[in-house]
Amino acid sequence: MAKPVKKSAMKCNKPRRTPSHPKKSHVVKACSGGKEKIIRFGQQGVSGAGKSPMTAKQKARRKSFKARHAKNIAKGKMSAAYWADKVKW
């Protein structure tokens, strides 16, 4: 079972790994416009293609992810897709 996250102890917009969480790889306290929200994102055990993919397969994975989630990434800091894009892809 994952350890509970203390919202008050986290810094705004600083993602961190959650190795003990069964499904999600990262957590962040998203802060925007005076609102705070805990967001868990990223599939546990799977790495993104990274910022500079080497192989054609990695480039295709990165391009597909960005195309598939473009609408949600555009929503900004309060969406999990934004953080997954920023941290894992």
Side-chain angles (χ1 to χ4, degrees):
M1 189 102 195
K3 218 165 72 173
V5 176
K6 290 185 180 175
K7 192 172 171 180
S8 59
M10 292 181 71
K11 292 183 181 177
C12 280
N13 303 322
K14 298 284 183 197
R16 65 181 196 197
R17 299 239 338 119
T18 53
S20 62
H21 195 272
K23 294 186 180 182
K24 299 299 176 185
S25 65
H26 289 77
V27 66
V28 66
K29 179 169 93 172
C31 301
S32 180
K35 293 186 178 184
E36 295 178 349
K37 182 177 172 183
I38 294 290
I39 299 175
R40 293 185 184 279
F41 63 94
Q43 185 177 347
Q44 192 69 272
V46 176
S47 64
K51 299 296 178 198
S52 55
M54 300 291 186
T55 66
K57 186 177 180 180
Q58 285 178 334
K59 287 177 185 173
R61 282 182 63 217
R62 186 170 198 260
K63 186 178 176 182
S64 293
F65 176 86
K66 289 186 177 280
R68 187 168 60 247
H69 298 287
K71 222 177 230 185
N72 291 324
I73 291 169
K75 289 180 182 177
K77 292 181 180 180
M78 299 306 264
S79 75
Y82 171 87
W83 290 103
D85 179 55
K86 186 174 178 179
V87 174
K88 296 195 88 155
W89 295 92

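In what follows, residues are counted from 1 in the order of the sequence shown. As the structure is a computational prediction, the values presented were derived from the model and not from experiment.
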Remaining members of hydrophobic cluster (4.5 Å side-chain criterion), Phe41: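 Val28, Ile39, Tyr82, Trp83, Val87, listed by chain and number.
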Whichever hydrophobic residues join Ile73 through chains of side-chain contacts under 4.5 Å: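 In the cluster with Ile73 are Phe65, Trp89.
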Listing, residues 5-15 side-chain donor-acceptor contacts under 3.5 Å, not counting sequence neighbours, or none:
from  : atom 1 : to    : atom 2 : distance (Å)
Lys7  : NZ     : Glu36 : O      : 3.3
Asn13 : OD1    : Cys31 : N      : 3.0
Asn13 : ND2    : Cys31 : O      : 3.4

Sequence-distant partners of Lys77, salt bridge (charged side-chain N to carboxylate O under 4.0 Å, His left out), two or more places apart: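 With neighbours one apart ignored, the set is empty.
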Non-neighbouring partners of Lys37 that pass salt bridge (charged side-chain N to carboxylate O under 4.0 Å, His left out), sequence neighbours left out: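 Salt bridge (charged side-chain N to carboxylate O under 4.0 Å, His left out) list for Lys37, sorted by chain: empty.
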Listed by chain and number, what are the side chain to side chain donor-acceptor pair (under 3.5 Å) partners of [X], not counting sequence neighbours?
X: Ser79; value: none
X: Lys23; value: none
X: Lys29; value: none

Pairs flagged by disulfide bond (SG atoms under 2.5 Å apart) wherever residues 56-89 is involved - sequence neighbours left out: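 As it turns out, there is no disulfide bond (SG atoms under 2.5 Å apart) pair with a partner in residues 56-89 once direct neighbours are skipped.
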Pairs where residues 58-89 contributes a residue and the test disulfide bond (SG atoms under 2.5 Å apart) is met, not counting sequence neighbours: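 Applying disulfide bond (SG atoms under 2.5 Å apart) to every pair that reaches into residues 58-89, excluding sequence neighbours, yields nothing.
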Pair listing, side chain to side chain donor-acceptor pair (under 3.5 Å) test, anchored in residues 56-65, at least two apart: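 Sorted pair list comes back empty.
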Residue list, side chain to side chain contact (heavy atoms under 4.5 Å, CB included) with Lys24, at least two apart or on another chain: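 Once residues adjacent in sequence are excluded, the partners of Lys24 under the side chain to side chain contact (heavy atoms under 4.5 Å, CB included) criterion are His21, Arg40.
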Side chain proximity check, Ser25 to Arg17, heavy atoms < 4.5 angstrom: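 Yes, at least one pair of side-chain atoms sits under 4.5 Å.
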